Amino acid sequence: MSDGSVQQRQSQPAVPLLKEQRVGEILAAVPERRHWRYRPRRVGMVWRSRTFRIAAVFTVLALCGLAILALVRDQTGTQGFLVGLGLAVLPVPLLMAAFRWLDRVDPGPWRNVLFAFAWGAFAAALVAILANSFATRWIATATADPSNADTLGATVIAPVVEESAKAAAVLLIFLFRRREFTGIVDGVVIAGITASGFAFTENILYLGNAFGEDQQIGTSGVVSVTAATFFVRAVMSPFAHPLFTVLTGIGFGLAAAGARRRRIRRIVLPLLGLVLAMGMHALWNGSAVFSPWGFYAVYGVFMVPVFGLVTWLAIWSRQRELRMLSAELPGYAAAGWLTPAEPLALASMRARGLARDAARRRYAVEAVGSRQSPYGPASRPSAQAKASAKAHGKAAARAVAEYESFATSLASLRLRARRGAAGPDFAERELELLHHLWQRREVAAPALTYAAQATGRLRPSYPPPPWAAPAPHPQYGAGYNPYMLPPRQSTWHGPVQH
């Protein structure tokens, strides 16, 4: 049998293999695209289009927004809807500013923030109002007890439905924006912003209904139902919904920070966070059912301590990110990619801001072309020169900010690689980040070095006396004095071109 198979193979004509040395000749013989016989398959190509995905997400959220606003207006009336909208928007800037402040070390893109808020305000709110209404009506019909149905709906159905709907936004960003979801802070921020959007829509409904009740009984002012509802929901507990959903975000954040090979942990931790969020939400909704003072007891004994604990955890995680920079980046400084002072400056939020301000001031003055003298500038710049200087300074500050962001991403990538959580494309992503840093090094490195010295994180070995001329700077030249106006000349002529 072996001999026969050998003879059969020998009798068949040999198929020549294309040699790598003839690749130019082979490719030159390929016909033009319109004459191709074998074309790439186009099945599923539409779904892979980034434009199509953005349009699909925008369309879904817009339809959900129109539907939920129509439902809320139908329940509150036009006047109640407008009053509720005006009052519900007041705590939103506070919540957004708090979560964006928490995310300052390695800020996520605005598209994630807008998606999370829109999902909470439109999609999650629509799912919640439809599912809660259906479940309450079903329980009332099955038990013939409407009051008991309302209690069960508020304490059992609503927490499960609402927290699951809000957690869907965190899950989507965790799955499809994995590079931008790296730890606890990202989970807290995305979950908190999603819940802020949900609370915004829910406040419109509650405040609009309260205003309609005031219209019926004829009350107004401080003693009105609207004022009491606003005080409870927007003053006493604006962080209630964000606090519930943040527990889910912490679970996803712990899963994102863990190693990829620990799949059970990556599934169990988000589910555990979701269950805790549901339990806390149920306790909060059922607090008024326990006793007349149940709300105040749960608020003081449970909600306030948990809020303080979660706040401490979020701030600790942010400080941990800063410590990560000072631990991971010195290796790149030793390899020559960074200067020794940059990891020290990047690990301080004050030094980061000072570096951006220094770059803005330096390059703005350079663009005008003025020089420092005891009697001020030699000539007053024109309005056009001032506008150009301002734009040049903003571009320099933006370059430093981008440098800080890329350096933070590099340190986070390095930390995940040491933990085994980095993907197989670690080397490519590391080279890409180093490339971005190198493009902005000319502007950012001297500014960060100055910021490290100005904040006391890096002190020169032999500080010159105040009356002595500054030593020549290795990047800016002999005319550079970080404590005075910057020099006239520079080799950087504008923002980095991507």
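These figures come from a predicted structure and were not determined experimentally.
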Do any side-chain atoms of residues 89-96 form donor-acceptor pairs under 3.5 angstrom with protein atoms, and if so which ones, sequence neighbours left out?
none

Please confirm whether the backbone N or O of [Y] pairs with a side-chain atom of [X], one donor and one acceptor, at under 3.5 Å?
X	Y	value
S348	L344	no
S405	A401	no
S237	A240	no
D103	G108	yes
D186	T182	yes

Any donor-acceptor N or O pair under 3.5 Å, side chains [X], [Y]:
X	Y	answer
E402	H436	no
R352	T455	no
T76	N209	no
T219	D214	yes

L175 atom CG: more than 12 heavy-atom contacts under 6.0 Å: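 It does: L175 CG has more than 12 such atoms within range.
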I'd like to check the ring pair (Phe, Tyr, Trp, His ring centres under 6.0 Å) partners of [X]; sequence neighbours left out, ordered by chain and number.
X	value
F211	none
F181	F174
F307	F239

Heavy-atom pair with the smallest gap, counting every atom of [X] and [Y]:
X	Y	result
T155	G286	CG2-CA, 3.4 Å
A359	A396	O-CB, 3.7 Å
G84	L207	CA-CB, 3.9 Å
L346	A407	CD1-CB, 3.6 Å
G183	A256	N-CB, 4.2 Å
A452	A345	CB-CB, 4.0 Å

Distance in Å, [X] [atom1] paired with [Y] [atom2], rounded so as to fall on 0.5 Å steps:
X	Y	atom1	atom2	result
R111	I54	CZ	CD1	8.0 Å
L247	M278	CG	CE	12.0 Å
L69	L126	CG	CG	10.0 Å
L82	I204	CG	CD1	10.0 Å
L272	L276	CG	CG	4.5 Å
L415	L410	CG	CG	11.5 Å

Is any side-chain heavy atom of [Y] closer than 4.5 Å to one of [X]?
X	Y	result
P270	T248	no
F117	L114	no
E342	L329	no
R100	P107	yes
L71	L130	yes
I157	L152	no
Q319	L322	yes
V160	H281	no

Using the side chain to side chain contact (heavy atoms under 4.5 Å, CB included) rule, take W119 and L172 through it: C-alpha gap first, then chi angles, then the decisive distance, then the call. CA-CA 10 Å; W119 182 276; L172 290 174; 3.9 Å; yes
Contact list for residues 78-89, test side chain to side chain donor-acceptor pair (under 3.5 Å), sequence neighbours left out: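 Output for this query lists R73-T78.
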Evaluate the criterion side chain to side chain contact (heavy atoms under 4.5 Å, CB included) for residue pair L313 and V188; output intermediate values, then yes/no. CA-CA 10 Å; L313 177 63; V188 169; over 6 Å; no
Partners passing side chain to side chain donor-acceptor pair (under 3.5 Å) against S412 (at least two apart in sequence or in another chain):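 So S412 forms a side chain to side chain donor-acceptor pair (under 3.5 Å) with R416.
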Does R360 have any side chain to side chain donor-acceptor pair (under 3.5 Å) partners at least two apart in sequence or in another chain, and if so, which?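 With neighbours one apart ignored, the set is D357.
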Partners meeting side-chain contact (heavy atoms from CB on, under 4.5 Å) with F302 (sequence neighbours left out):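 F302 satisfies side-chain contact (heavy atoms from CB on, under 4.5 Å) with M280, L283, V298, V306 once adjacent residues are dropped.
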For R104, all residues meeting side-chain contact (heavy atoms from CB on, under 4.5 Å), sequence neighbours excluded: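 With neighbours one apart ignored, the set is W101, R318, M349, R356.
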Identify, with sequence neighbours excluded, every residue that meets salt bridge (charged side-chain N to carboxylate O under 4.0 Å, His left out) alongside R323.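 Listed in chain order: nothing, the list is empty.
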What residues form a salt bridge (charged side-chain N to carboxylate O under 4.0 Å, His left out) with E163, not counting sequence neighbours?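 Expected list: K166.
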Acceptor/donor pairs from residues 192-201 side chains to any protein atom, 3.5 angstrom cut, sequence neighbours excluded:
unit_1	atom_1	unit_2	atom_2	d
T194	OG1	I190	O	2.8
S196	OG	G192	O	2.7
T201	OG1	A121	O	2.6

In terms of ring plane angle, is the pair F244 and W284 parallel, tilted or perpendicular, where the classes change at 30° and 60°?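 Tilted: the ring planes of F244 and W284 meet at 30° to 60°.
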Does Y206 have R233 sitting over its ring (NZ/CZ under 6.0 Å from centre, angle to axis within 45°)?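 Yes, a cation-pi geometry.
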Kindly determine whether E404 and V400 satisfy side chain to side chain contact (heavy atoms under 4.5 Å, CB included), including the steps that lead there. CA-CA 6 Å; E404 295 169 351; V400 177; 3.7 Å; yes
Passes side chain to side chain contact (heavy atoms under 4.5 Å, CB included), Q75 versus I129? Steps please. CA-CA 11 Å; Q75 294 189 22; I129 194 172; 3.6 Å; yes
With E328, which of R414, R418, R320 fulfils salt bridge (Lys or Arg N to Asp or Glu O under 4.0 Å)?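 Result: among R414, R418, R320, R418 is the only option passing the salt bridge (Lys or Arg N to Asp or Glu O under 4.0 Å) with E328.
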